[in-house]
Amino acid sequence: MRGMAYQLTVNGRAVVADVEGDTPLLWVLREELGLTGTKFGCGAALCGACTVHVDGVAVRSCSLPVEGAVGMPITTIEGLSADRSHPLQAAWIAEQVPQCGYCQSGMIMAAAALLREKSQPTDAEIDEAMTNLCRCGTYVRVRRAIKRAAGLA
Amino acid sequence: MRGSTLDPTTTLSRRGFLAGTTGLVVAITADGALAAPGTAAATVNGWVRIGPDGGVTLHSNAQEMGQGAMSGVAQILAEELCLDWTAVRVEQAPLLPAQDNANGGRWTGGSASIRTQWTSLRTAGAACREMLVTAGARHLGVAAGDCRAEDGRVVHKDGRAVPYAAVAALAATLPIPANPTPLARDAWRLIGRGVTRKDIAAKVDGSATYAIDISLPGLLNAAIRQSPVFGGTLAAVDPAPALAVKGVRQVIPIRGLAYRVKEGRVKDGATETEVRLPDAVAVVATTWWAAKKGLDALAPAWNGADRDTLDGDAIHGLLNRDLDLEGEVKLMRGDDPTAVRAAHERGMAAAVRHVAADYATPYLAHAYMEPLSAVAHVRDGDSEIWTGSQFTTRAQAHVAALTGQDPARVTAHILYSGGSFGRKAVPDYIVLAAHLSRAVKAPVKLVYDREEDLAQGRYRAATAARMEAGLDARGLPTAIRARIAGNRDNGYFIMVRQGQADQPDHAPAYFLDNGLTTARRRDLPVPVGAWRAPGSNFAAFYFESFVDELALAAGQDPLAYRRRLLESNPRARRVLETAAARSGWGTALPPGHGRGVALWNSFGSIAAQVVEVALDKGRLAVTRVTCAFDCGTAVNPDSVRAQGEGSILMALSATLAEEVAIDRGAVASRNFDRYPILKLAQAPAIDITILDSPDAPVGGAGEPMVPPLPAALANAIVAAGGPRVRQLPLSRQGLTVA
Ligand code: FES
Ligand code: FES
């Protein structure tokens, strides 16, 4: 595969990544753009640590080749808000959700995509949308924080 | 695991208060050998730094890996110093130069950060506060006895006040109080309150930095594949396919990498051991993705055919066979094995009936979300490492042993760890990063892919147990025996308490007579190590499942039965009764539902849990877990609660479906598809009650809520009309997990 310059829009900024087309978006974000808030957990779309928004949809960036993200707005945890002011971030702090924190960027991005689609999600909808893995066991608080951000708690 | 970074025996004579250039610096060292005031070492290693601008920074020696101890340690200091928590900065303390393995080292585990440092932190904080008050009084020209500390200021009774910053330099020149007085319990404003953890904000915006996130000028990245077969060797590897990948610099075969290192404290008799790392192939590249792509392109050939019959069932068979053989009697200090055996046999002979059951638990992986990652830069005369290690000074010592450098020449940068649960106390991955850095003469970041991480664990050992008891006419035990068979290196313990004197930790809460624990160890090639609540995480399953079997054999309610066994342990009985009451024990449930209970004593704390399940034609749903927990004093109850939630969910995950699959001598469960960990949708409602025991020693919180869960769940399945499960995980016992 030949390397080429891919034009991307990340967190509202136009950037160029000179990589091979099969490079997963995750590694472009982390290694080319220095956006290390998005994490590597499994590399196989199984854990969600790498979740970002592509065109407003939660995507597991370890499994999306960069060429598939061209022309669509990409948002990472760093772009969710400038100052932790997104309602989910505020709720995450209020509920003291993170433990080790490693899964939390992906968790918050998955929750943000959920709330964009369903502003008042039911428990079943939260169950269905939040398939990210957290080994520290923050799930109880993740659920509470989503409801708090949605104004349900 | 035991111990911590600050030696629990630290006393006032071992503390120093150092005048730094930026104000008052308090340094607490574990060995008493203090750096001279004003030296660089003194200023960077202070625990309390009061800057001239009034900013207070507290250094915490607890490695933050999710458990909240970095904040908890600082919270105790902030309390004694009467600081405004919201204005305090908390950082991971850098290593003290004298803080090496010889005097305890820097490590975090054993749920020890708070409980072993409780007294020393309060005393040190109190000494510092008293010096500030004395200095403040002098500054104000009043008597120290008329002043108090409040929100970072020294306040006179007439209302005049001076900030700490203005008197910190003066305070630093004062003698250290000989007998500082920690604050009385009723004066606490922070301890016992769920204050905001200091690491949380950076964990909601992606700015928290882990080893995997480090970037340095000239940094190269490495991916690695170690022999998939335990003990296998590298036969051959053709580097060409990796070298063809853009960005790949080198393919590095690793064969026979070994070094000798001193482990353990000098005072406990440090021993030199040889460490051998598995053969491996590493690919070094400009980016990790290129390294990974290069690695995946290789087809290394491994020798290791001699192991190729080893699989999980074979191991299970071996352990089961060992149960028929006599084991070594596990003793508490001062016990005579012949007397212990004789008492047990007398107890068994006095029984009117006997009950026995065999149990087994599998190998478990830690499966934290940050795969093993480390950065190392080995130079000619010195080295640097960047890690979220659970045992930083051990990593430092091992890198020094590998490179032939003095440990003091290995600088360790301490980062958050993305979970550890025991695994990251073993420094193999950090040593490999150093080896690669030395080979390519550049800083190297080594990141395991998930497959490698799960294949190169230090797993929770698989064990098997046979439990035996004699019951008297009332159905109460006259003697209990636990036979355990397991992998080598696995910390065995006294599982059955013998009488009431000198009760061990990590044991049932009951005081039972005529107990006997015997163990057999077998050398198996699967590497094992500490996994959250080591020993207790399987022992409690065996013991508390068996206690349920005894209760049912005696025709008694499992809760009532345990209450009787706890007659002489009111503290544990209160914990049990609290969990039972909050769970609604005894109230009616729909058909197919059931409640199970278990309790366990570990890390100086007592935890009781009631699990409620719904069982429908072999389909299992865990609907609710009620936990009562007594750790003496909870410094941050919200953090303790979070540890409870995490412990319950991790133990639930393991009990439901986790098992390291071993096939032909290698791990087959190499990603989350084959090693499924619990998802949010499976998480039950959790209700945790924290009980205070103000007169009891402070206990740990990160692990003791793990052990009761597996047995409480297995007991609930029986109560719901399901089978008695004696072998985990449940998914292998014909139960589908909802
Ligand atoms: S790293 Fe992408 S889903 Fe796990
Ligand atoms: S907070 Fe540690 S994995 Fe989720």
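Reminder, nothing fancy here: chain letters follow the sequence lines and each chain counts from 1. All values below come from the heavy atoms of this structure, side chains included, with hydrogens, waters and symmetry mates left out.
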Contact origin within [X] toward chain A - heavy atom pairs under 4.5 Å:
{"X": "Ala367(B)", "value": "both"}
{"X": "Ser420(B)", "value": "neither"}
{"X": "Arg670(B)", "value": "neither"}
{"X": "Ser417(B)", "value": "backbone"}
{"X": "Asp453(B)", "value": "neither"}
{"X": "Val447(B)", "value": "side chain"}

Using atom types as modelled and distance alone, determine if a side-chain donor or acceptor of [X] lies under 3.5 Å from a backbone N or O of [Y].
{"X": "Tyr210(B)", "Y": "Cys100(A)", "result": "yes"}
{"X": "Arg84(A)", "Y": "Ala201(B)", "result": "yes"}
{"X": "Gln96(A)", "Y": "Arg197(B)", "result": "yes"}
{"X": "Glu78(A)", "Y": "Gly206(B)", "result": "no"}

Are the side chains of [X] and [Y] in touch, meaning some heavy atoms are under 4.5 Å apart?
{"X": "Leu680(B)", "Y": "Met107(A)", "answer": "no"}
{"X": "Phe40(A)", "Y": "Ile212(B)", "answer": "yes"}
{"X": "Trp288(B)", "Y": "Trp27(A)", "answer": "yes"}
{"X": "Trp289(B)", "Y": "Cys62(A)", "answer": "no"}
{"X": "Lys246(B)", "Y": "Glu20(A)", "answer": "yes"}
{"X": "Met369(B)", "Y": "Gln104(A)", "answer": "no"}
{"X": "Asp213(B)", "Y": "Lys39(A)", "answer": "yes"}
{"X": "Phe421(B)", "Y": "Arg135(A)", "answer": "yes"}

message: Is there a side chain to side chain contact (heavy atoms under 4.5 Å, CB included) between Glu31(A) and Asn221(B)? Walk through the geometry before answering.
response: CA-CA 10 Å; Glu31(A) 300 198 296; Asn221(B) 288 271; 3.8 Å; yes

message: Quick check for you: among Gln682(B), His366(B), Arg532(B), Lys292(B), which has the greatest number of heavy-atom pairs under 4.5 Å with chain A?
response: His366(B)

task: Heavy atoms only, distances under 4.5 angstrom: which of Ser207(B), Ala681(B), Gly247(B) has the most pairs with chain A? Name it, please.
output: Ala681(B)

- request: Considering non-hydrogen atoms only, spot the tightest contact between Pro371(B) and Gly41(A) and give its length.
  value: CG-O, 4.1 Å

field: For the student: nearest non-hydrogen atoms of Val204(B) and Pro98(A), plus distance
entry: CG1-CG, 4.0 Å

- request: Answer yes or no: does atom CD of Glu128(A) have more than 12 heavy-atom neighbours from other residues, nucleotides or ligands under 6.0 Å?
  value: no

Give, as side chain, backbone, both or neither, the part of [X] having an atom under 4.5 angstrom from any heavy atom of chain B.
{"X": "Leu133(A)", "result": "both"}
{"X": "Ile126(A)", "result": "both"}
{"X": "Glu32(A)", "result": "side chain"}

task: Go through Cys136(A), Ser105(A), Cys42(A) and name the one with the most non-hydrogen pairs under 4.5 angstrom from chain B.
output: Cys42(A)

statement: When Gln643(B), Glu64(B), Gln67(B) are each screened for side chain to side chain donor-acceptor pair (under 3.5 Å) with Gln99(A), the one that passes is Gln643(B)

- prompt: How many angstroms lie between atom CD of Glu95(A) and atom CD1 of Ile200(B), to the nearest 0.5 angstrom?
  reply: 11.5 Å

Spatial distance of atom NZ (Lys679(B)) from atom OH (Tyr139(A)) [nearest 0.5 Å]: 8.0 Å

message: Please determine whether side chain to side chain contact (heavy atoms under 4.5 Å, CB included) holds for the pair Lys293(B) and Asp22(A), giving the CA-CA distance in whole Å, both sets of side-chain angles, and the decisive distance to 0.1 Å.
response: CA-CA 10 Å; Lys293(B) 216 171 146 183; Asp22(A) 65 348; 3.1 Å; yes

- line: Expected contact set for residues 671-678 of chain B against chain A at heavy-atom separation under 4.5 Å reads Asn671(B), Phe672(B), Asp673(B), Tyr675(B), Ile677(B), Leu678(B)

